[in-house]
Amino acid sequence: MKKIVFLTGAGISVESGFSTFRGANGLWEEYKVEDVASIEGYWRNPSLVINFYNKLRKQLVESSPNEGHRLVASLEEHFDTTVVTQNVDDLHERAGSSNVIHLHGELMKVTSSSNPNDPRCIQTLTPERLDIHIGDKAKDGSQLRPFIVWFGEAVPMMEEAAKAAMQADIFVVIGTSLNVYPAAGLISYVPQGTKIYLIDPNPVRVPYGIDVHTIQKGASEGMKELKEILLAQK
Ligand code: APR
């Protein structure tokens, strides 16, 4: 089976009711990145950050995957599929994708604030227990924090994502402005000659010298068009 690798961003979850970060009325127009999405912001005001993600988690359990997520998952019947996502939502998984790499963490998980990547301290929250509070402790006795990769922190899954990109026969970028590194750099790991598709309703600047086939549509419409192209080529 040919290997297809997706790199997705906030745009694929727009049709599920989530705003993007940098688009019109994006999340970063409402909140300052350094307050709610940086390690310094967390240590400056942990309860503000904990409550910010409690709110997002509530929105997540009330939302559902859209046609774009479902079409990505449907390609698993035809391709060895890896989804690398910058999104912290679990909408790819809930749409049926079985191989998802989260570069920026997972909203439904919480962890140790002294050793966030210690697997013994990572816990998955449930709709019955969605919130964490100051005073809730991880297994190592430290304050529980969101299992999110904040600006200023390492991106532990980048190596695994790069390995997948290096083996891709087809690479598909959906719903990301390619502004944030190292995630955006993934496109540079794709071998010469691998076909790259980019689905986005707006123009996206790609690194110099990288040739992409652009489908200037939203995620669902774009994935419908891409699926037809890919299945016609099989
Ligand atoms: N379908 C597909 N793409 C869309 C749609 C849609 N319906 N609506 C908007 N988009 C596109 C926008 O045109 C933009 O190119 O989604 C992209 C969203 O870009 P950003 O808001 O920058 O989000 P993203 O690239 O995922 O941000 C990367 O930045 O703040 C950090 O950690 C955060 O993971 C995030 C990272």
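For ligands, and for the atoms within them, numbers begin at 1 and follow the listed sequence.
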- Are any of the heavy atoms in Ala37 under 4.0 Å away from ligand 1? no
- Query: Just distances here: any N/O of Trp28 and N/O of ligand 1 closer than 3.5 Å?
  - Reply: yes
- Query: For the hydrophobic clusters of this structure (ILVMFWY residues joined by side-chain heavy atoms under 4.5 Å, transitively), does one cluster hold both Leu178 and Ile196?
  - Reply: yes
- Message: Using a 4.0 Å heavy-atom cut-off, which part of Thr176 comes near ligand 1: side chain, backbone, both, or neither?
- Response: both
- Please say whether the positively charged group of Lys3, taken as NZ for Lys or CZ for Arg, lies over the ring of Phe171, i.e. under 6.0 angstrom from the six-membered ring centre and within 45 degrees of the axis. no
- Nearest non-hydrogen atom to atom 20 (P) of ligand 1 belongs to which of Gln216, Arg22, His104? Arg22
- Proximal candidate to atom 14 (C) of ligand 1 [heavy atom criterion; set Ile12, Asp200, Thr20, Val173]: Asp200
- Could Arg129 and Asp136 be called an ion pair, given the rule that one side-chain N must be under 4.0 Å from one carboxylate O? yes
- N or O pair under 3.5 Å between Asn202 and ligand 1: yes
- Crowding at CG, Asn202 (>12 non-hydrogen neighbours, <6.0 Å): yes
- Item | atom 18 (C) of ligand 1 [closest protein heavy-atom partner, distance rounded to 0.1 Å] | Gly175 O, 3.6 Å
- Val180 contact mode with ligand 1 (heavy-atom cut-off under 4.0 Å): side chain
- Query: Counting only heavy atoms, which portion of Phe151 has something under 4.0 Å from ligand 1: side chain, backbone, both, or neither?
  - Reply: side chain
- Which heavy atom of the protein is the closest neighbour of atom 26 (O) of ligand 1, given with residue, atom name and distance? Ala10 N, 2.8 Å
- Could you check atom 10 (N) of ligand 1 against the protein and tell me its nearest heavy-atom contact, residue, atom and distance included? Gly11 CA, 3.7 Å
- Check: Phe21 N/O within less than 3.5 Å of ligand 1 N/O: yes
- Task: Using distance alone, decide if ligand 1 has a nitrogen or oxygen within less than 3.5 Å of any nitrogen or oxygen in Asn87.
- Result: no
- Query: Salt-bridged, Asp35 to Arg44, with N to O below 4.0 Å?
  - Reply: yes
- Query: What do you reckon, is CD of Glu160 surrounded by more than 12 foreign heavy atoms closer than 6.0 Å?
  - Reply: no
- Task: Check whether any N or O atom of Ala219, backbone or side chain, sits under 3.5 Å from an N or O atom of ligand 1, and answer yes or no.
- Result: yes
- Message: Please list the nearest protein heavy atom to atom 8 (N) of ligand 1 with its residue and the distance rounded to 0.1 Å.
- Response: Val14 CG2, 3.7 Å
- Note on the structure: The answer for which part of Gln86 has a heavy atom under 4.0 Å from ligand 1 is both
- Query: So do Leu230 and Leu75 actually touch side chain to side chain, heavy atoms under 4.5 Å?
  - Reply: yes
- Heavy-atom nearest neighbour in the protein, as seen from atom 19 (O) of ligand 1, with distance rounded to 0.1 Å: Ser177 N, 3.3 Å
- Take atom NZ of Lys224 as the centre, draw a 6.0 Å sphere, and report whether it contains more than 12 heavy atoms from other residues, nucleotides or ligands. yes
- Item | Phe151 and Val180, any side-chain heavy atoms less than 4.5 Å apart | yes
- Message: Is it the case that the side chains of Glu15 and Ser220 hold a donor-acceptor pair, with the cut-off being a distance below 3.5 Å and no angle test?
- Response: yes
- Query: Which ligand 1 atoms, with their elements, are less than 4.0 angstrom from a heavy-atom of Gly9?
  - Reply: 26 (O)
- Picking from Glu93, Lys109, His92, Met157, what satisfies side-chain contact (heavy atoms from CB on, under 4.5 Å) with His102? Glu93
